[in-house]
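Computed from a prediction, not measured in an experiment: that's the story for all the values here. Residue numbering restarts at 1 for every chain, and letters A, B, ... go by the order of the sequence lines.
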2 protein chains.
Amino acid sequence: MDPLTEAQQKLMPEMTELLKKRYQILLTIQMEEPIGRRALSELAGSTEREIRKETDLLRNQQLIKAKSSGMTVSDEGLAVLDALKDFMRDVSGLIAMEKQLKSLLGISRVLILPQDSDDIPAVKSNIGKEAARLLESLFPQHKKIAVTGGSTMAAISKELSSDKKDNTLQFIAARGGLGEDVLHQANTIASSFAGKTGGSVKTLYLPDHLSAEAYEMMMREPVIKEMMNLYDQTDVVVHGIGNAEEIALQRQSSTEEVERIRSGGAVSEAFGYYFDKEGKVVYRIRTAGIQLEQVQKAPAILAVAGGRSKAKAILSYFKNAAPQTSLITDEGAAHKILELTQNREEI
Amino acid sequence: MDPLTEAQQKLMPEMTELLKKRYQILLTIQMEEPIGRRALSELAGSTEREIRKETDLLRNQQLIKAKSSGMTVSDEGLAVLDALKDFMRDVSGLIAMEKQLKSLLGISRVLILPQDSDDIPAVKSNIGKEAARLLESLFPQHKKIAVTGGSTMAAISKELSSDKKDNTLQFIAARGGLGEDVLHQANTIASSFAGKTGGSVKTLYLPDHLSAEAYEMMMREPVIKEMMNLYDQTDVVVHGIGNAEEIALQRQSSTEEVERIRSGGAVSEAFGYYFDKEGKVVYRIRTAGIQLEQVQKAPAILAVAGGRSKAKAILSYFKNAAPQTSLITDEGAAHKILELTQNREEI
DNA sequence: GTGTTGTGGGACAAAAAACGTCCAACCGGA
DNA sequence: TCCGGTTGGACGTTTTTTGTCCCACAACAC
């Protein structure tokens with residue numbers, strides 16, 4: 001860290017917290033504008049008075065405007081947000097944590113965003129935004145992108161810029177899967193990605209849970225075969241990471257399945273695979289979808305998951321993840337991951 | 001100013017004041033250590049409680065140590081002071097003021113130090129220190145240095161480093177002058193300079209106020225002639241700037257002289273010359289000493305004066321000062337100077 | 001030796017600031 | 001037109017800060 005900044009912090013230890021708080025508030029306003037005090041205090045997890053005090057200050061500094069419909073970030077506020085973006089990551093120790101996580105998880109790129117999406121839902125949007133930026137930076141070289149479902153993936157699609165269209169992009173739903181909420185299933189997300197970027201989309205409508213016979217039969221269908229072929233040529237895989245149990249419940253898995261997941265000690269889930277705490281596959285959903293091997297040979301992989309509640313799952317998944325995987329997460333998750341591994345080392 | 005710093009200030013407007021306050025306290029402790037709360041509150045012009053609150057914080061930050069003899073700056077504190085030195089000048093707007101003063105006074109170098117030596121006596125030491133650093137940087141090229149008297153000059157001599165000796169340096173008392181306090185007269189100061197730096201010294205013991213006849217006679221003395229010769233070869237002149245009236249009173253000038261100084265509208269005094277507000281010489285002490293012309297043809301000139309009470313005098317002196325003059329002053333004086341000239345422009 | 005002076009730290013009532021919590025007035029969209 | 005959201009004002013209560021003592025102690029001059 002900059003020695004000047006370090007000296008500043010020595011002289012003003014309260015600076016860091018204060019800066020983080022105000023930056024977070026300003027950021028949340030930007031993400032949710034126009035927004036009022038009460039809604040804001042919900043999102044930021046502070047009391048209304050606290051929010052009021054800070055927003056009064058921000059307004060005096062002309063960083064936000066207060067209309068009757070809510071508060072809005074001014075141009076100056078946007079400039080401040082942008083100017084402080086990297087600095088805030090540094091001052092919060094995020095850059096240091098990124099380094100630690102990189103070596104711990106054995107991957108080349110980790111991006112940690114401020115705060116904890118468990119506490120502040122808006123952080124998810126922020127994660128989504130940065131994941132979107134990262135993904136967009138891959139577009140020039142990588143055209144075939146496989147995407148999975150989940151609310152995290154939905155957040156990314158929301159933040160994809162629709163400025164420059166590229167009709168050579170091809171988005172592939174990584175799984176069939178009608179089990180979950182239609183808004184968050186892979187097909188919907190893939191369509192949304194395509195819509196935002198001007199690319200094309202390949203969807204796959206198939207139930208998640210098939211019987212062995214039905215599965216075998218389906219795999220012989222030309223449509224499905226074509227998809228499996230596409231998975232082989234995938235340039236980028238973008239996926240979330242879930243907590244095994246939560247996902248299983250969401251999917252209304254059969255009791256038999258839940259039992260296998262539980263007894264296998266499954267911790268995390270990603271693109272239909274369940275992993276135990278050592279990163280071994282203990283179960284996979286029997287459906288048409290991208291295979292683990294196909295994921296691992298993809299040139300680029302973006303794993304996106306935030307919130308301290310996902311720390312164990314992330315840790316589990318990365319036990320055996322491909323080294324070319326990039327992790328985009330948040331402070332809460334990162335902190336918890338390091339906490340967990342430190343304790344393990346001490347014992 | 002750094003755009004990052006600007007953004008920080010936007011988000012934390014209280015930062016600047018707080019930083020300045022704590023930095024100042026830390027600086028004062030360093031200058032006066034070991035020092036107690038009560039003495040410190042006197043120097044810093046704050047209440048004891050205020051000082052206590054801040055020193056408690058500084059102690060928690062391990063920037064100072066509290067012994068029973070008083071508070072002391074720790075090594076870490078020294079590092080912080082050093083790291084923040086330039087930053088504080090920038091954040092306090094001193095760098096901007098330096099630029100303004102440079103163009104206003106028509107000189108190439110202005111150095112402004114924090115705070116006001118009228119309020120905080122310790123600031124004088126700080127001015128002295130920086131003037132000493134500046135002077136030392138001239139030593140390699142400039143060997144013949146003429147110095148005047150005064151408390152400001154005494155402050156410089158205190159801060160001269162005695163690390164590397166240079167016996168080719170030659171210090172010349174710029175004036176005879178037994179009129180003032182022996183500790184602050186040019187001869188003493190010159191000796192002190194020489195002692196600190198390892199150089200030699202040329203002193204000149206002569207009363208300040210001579211009759212016309214005695215003056216003429218003295219000027220024909222070989223010792224005096226030699227001095228006048230030396231003045232011609234001076235490489236650097238270091239001098240203070242005083243308020244005309246104060247100096248006149250200190251010197252116990254005759255009523256006739258005081259009258260001439262008053263009626264001439266003298267505002268400032270430097271090396272025995274009195275200047276009016278337009279920078280014209282209205283009177284000079286009849287004694288052996290460096291001539292104005294000799295000063296002005298010197299390759300380097302350091303004018304050192306601080307405190308808002310000296311603003312008018314500084315302004316007066318610089319109306320006709322040589323462009324190669326460097327001014328070392330403090331925030332209080334600089335602020336007042338700009339205030340005075342702004343008002344004048346508005347009218 | 002011994003008294004004096006300055007030190008940091010503890011304590012506590014008073015003053016001030018921050019806080020939680022209402023409410024009125026207002027605007028915009030259904 | 002009404003409803004749900006907004007801001008800004010207000011105010012009693014709580015928490016923090018502030019001013020001001022005192023005390024035990026160490027250093028220092030004598």
**OP:** From the options D/dG8, C/dG8, C/dT7, select the nucleotide whose nearest atom is closest to the side chain of B/M71.
**Re:** C/dG8
Subject >> B/S157 side chain to B/S192 backbone, donor-acceptor under 3.5 Å >> reply: no
Original post:
Between the side chain of A/D330 and the main-chain N/O of A/L113, is any donor-acceptor distance below 3.5 Å?
Top reply: no
Original post:
Checking only heavy atoms, does the side chain of A/R52 share a donor-acceptor pair with the base of C/dG20 at less than 3.5 Å?
Top reply: no
Original post:
Between D/dG8 atom P and A/L58 atom CG, what is the distance in whole Å?
Top reply: 13 Å
Original post:
Using a cut-off of 4.0 Å on non-hydrogen atoms, how would the nucleic acid contact of A/T47 be classed: base, sugar-phosphate, or nothing?
Top reply: sugar-phosphate
Subject >> Audit row: B/E136, B/R133, salt bridge (Lys or Arg N to Asp or Glu O under 4.0 Å) steps and yes/no >> reply: CA-CA 5 Å; B/E136 284 164 357; B/R133 291 296 93 74; 3.0 Å; yes
Original post:
Out of D/dG19, C/dC27, C/dG9, which has the shortest distance to the side chain of B/R49?
Top reply: D/dG19
**OP:** With DNA chain C as reference, determine whether A/R37 or A/S68 sits nearer its 5' end, using the nearest nucleotide of each.
**Re:** A/R37
Subject >> Atom-to-atom span, CG of B/L40 to C1' of C/dG9 - whole angstrom >> reply: 16 Å
Subject >> Shortest non-hydrogen contact from A/G332 toward A/R308 >> reply: O-CB, 3.6 Å
**OP:** Measure the distance from CZ on B/R59 to P on C/dT7 and round it to the nearest whole Å.
**Re:** 14 Å
Original post:
Rounded to the nearest Å, what distance is computed from the CD1 atom of residue B/I35 to the C1' atom of nucleotide D/dA26?
Top reply: 18 Å
Subject >> Which nucleotide in C/dG9, C/dC22, D/dT18 has an atom nearest any side-chain atom of B/E50 >> reply: D/dT18
Original post:
How many Å lie between CG on B/L57 and C1' on D/dT16, as a whole number?
Top reply: 15 Å
Subject >> Integer-rounded Å distance: C/dG9 C1' and B/N60 CG >> reply: 13 Å
**OP:** Confirm from the modelled atom types if B/R38 and C/dG8 form a donor-acceptor pair under 3.5 Å, side chain to base only.
**Re:** yes
Original post:
Which atoms form the tightest heavy-atom contact between B/I29 and B/M71, and what is the distance?
Top reply: CG2-O, 3.7 Å
Original post:
So which nucleotide from D/dA27, C/dG9, D/dT18 ends up closest to the side chain of B/S69?
Top reply: D/dA27
**OP:** Round to the nearest Å and state the distance from A/K65 atom NZ to D/dT6 atom C1'.
**Re:** 17 Å
Original post:
Quick one: A/E32 CD to D/dT6 P, roughly how many Å, whole number?
Top reply: 12 Å
**OP:** When you get a sec, tell me which of C/dT7, D/dT7, C/dA18 is the closest nucleotide to the side chain of A/K53?
**Re:** C/dA18
